[in-house]
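For clarity, every value in this text was computed on a predicted model and none was experimentally measured. These values consider heavy atoms only, across backbone and side chains, with no hydrogens, waters or symmetry-generated copies. Counting convention: from 1, in listed order, for ligands and their atoms alike.
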Amino acid sequence: MSTQFRSLMAAFPTGVAVVTAFDLDDTPWGMTVSSLSSVSLDPPTLLVCLRDTSPTLDAVVRNGSFTVNLLHHEARAAAELFSSGDPDRFRQVAWARPESVGGPHLVDAAHAAADCEVDHMHRTGTHVVVFGRVARVVHRSASQPLLYGLRQYASWPQIA
Ligand SMILES: Cc1cc2nc3c(=O)[nH]c(=O)nc-3n(C[C@H](O)[C@H](O)[C@H](O)COP(=O)(O)O)c2cc1C
């Protein structure tokens with residue numbers, strides 16, 4: 001069933017985001033996700049599903065806030081870096097601190113970002129669903145989003 005389930009979800013294309021958070025000692029953490037979903041308009045709420053052994057999840061839990069960075073179509077290298085397990089991820093990208101709550105903003109790789117406060121969490125199997133109350137949204141550029149589906153990255157097709 002695991003293989004069939006992976007194939008099923010591979011056939012459901014999504015955008016690509018990097019969830020970031022600061023640990024209590026100010027260490028930045030971040031991981032590539034495709035599990036982002038809108039939950040509620042009022043109050044504005046989103047969710048991400050994070051592997052329960054992830055150090056990024058630990059930082060989100062400890063800090064109580066995180067940022068969802070939406071990657072643009074030229075940021076495939078950032079998507080690969082933040083899914084690589086590389087311990088030096090943040091030395092290899094440009095990032096900035098959020099205005100108040102949240103994690104690092106990937107200023108070159110993301111076309112938009114949402115700073116969130118953790119509303120609540122729900123553990124299911126291997127993952128923890130984190131519900132985030134959106135405190136601030138930043139639009140950095142009008143770039144097209146990076147897409148992921150059928151186990152590969154893609155760009156939005158040009159519409160004439
Ligand atoms: C396109 C893409 C989407 C991913 N989406 C998720 C996701 O939604 N949740 C998750 O836990 N891991 C996801 N992963 C895997 C993590 O990015 C990967 O395990 C990463 O190393 C986790 O970072 P960590 O070492 O800080 O835990 C995804 C990977 C890729 C390439």
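- In the model, Thr124 has a side-chain atom that pairs as donor or acceptor with a side-chain atom of His122 under 3.5 Å.
- Each of the following atoms of ligand 1 lies closer than 4.0 Å to a heavy atom of His127: 10 (C), 11 (O).
- Side-chain atoms of Asn69 come within 3.5 Å of backbone atoms of Val18 as a donor-acceptor pair (strictly under, hydrogens ignored).
- Scanning the protein heavy atoms around atom 28 (C) of ligand 1, the nearest turns out to be Thr32 O, 3.4 Å.
- Summary of contacts: the protein heavy atom closest to atom 22 (C) of ligand 1 is Arg51 NH1, 3.5 Å.
- Without hydrogens or angle criteria, Arg89 side chain to Gly30 main chain gives a donor-acceptor distance under 3.5 Å.
- Taking every heavy atom of Ser54 and a limit of under 4.0 angstrom, the matching atoms of ligand 1 come to 24 (P), 26 (O), 27 (O).
- Looking from atom 5 (N) of ligand 1 to the surrounding protein, the closest heavy atom is Ser34 N, 3.0 Å.
- Taking a cut-off of under 4.0 Å to the non-hydrogen atoms of Gly85, the atoms of ligand 1 that pass are 21 (O).
- Selection from Cys49, Ser37, Ser84 by nearest heavy atom to atom 9 (N) of ligand 1 gives Cys49.
- Scanning the protein for heavy atoms near atom 29 (C) of ligand 1, the closest one is Ser83 CB, 3.9 Å.
- Here Phe82 and Phe90 bring their ring centres to under 6.0 angstrom of each other.
- Asp115 and His105 share a donor-acceptor pair across their side chains, judged by distance under 3.5 Å alone.
- Distance from atom 8 (O) of ligand 1 to its nearest protein heavy atom, with residue and atom name: Ser35 OG, 2.7 Å.
- In this structure, CG in Leu81 is found 7.5 Å from OG1 in Thr32, a value given to the nearest 0.5 Å.
- In the vicinity of Phe82, heavy-atom distances shorter than 4.0 Å reach the ligand 1 atoms 17 (O), 20 (C).
- Contact between Leu50 and ligand 1 is present, with at least one heavy atom of the residue lying under 4.0 Å from the ligand.
- When hydrophobic clusters are built by joining Ile, Leu, Val, Met, Phe, Trp and Tyr residues whose side-chain heavy atoms come closer than 4.5 Å, directly or via intermediates, Met121 is grouped together with Val68.
- Counted by atom type alone, Arg140 and His72 present zero donor-acceptor pairs between their side chains at under 3.5 Å.
- Regarding atom 31 (C) of ligand 1, its nearest protein heavy-atom neighbour is Tyr153 OH, 3.5 Å.
- Between the side chain of Thr56 and the main chain of Ser54, no donor-acceptor pair closer than 3.5 Å is present.
- In this structure a side-chain-to-backbone donor-acceptor pair under 3.5 Å is present from Ser35 to Cys49.
- Atom 25 (O) of ligand 1 has its closest protein heavy atom at Arg89 NH2, 3.2 Å.
- Residue Thr56 has at least one heavy-atom neighbour below 4.0 Å for each of these atoms of ligand 1: 26 (O).
- Those atoms of ligand 1 that come under 4.0 Å of a heavy atom in Tyr148, given as number and element, are 1 (C).
- When only non-hydrogen protein atoms are considered, atom 10 (C) of ligand 1 lies nearest to Met31 CE, 3.4 Å.
- Taking the centre and axis of the six-membered ring of Tyr148, the NZ or CZ atom of Arg76 falls outside the cone set by 45° and 6.0 Å.
- Residue contact check for ligand 1: Ala79 places no non-hydrogen atom closer than 4.0 Å to it.
- Using a 4.0 Å cutoff on heavy atoms, Gln152 does not count as a contact of ligand 1.
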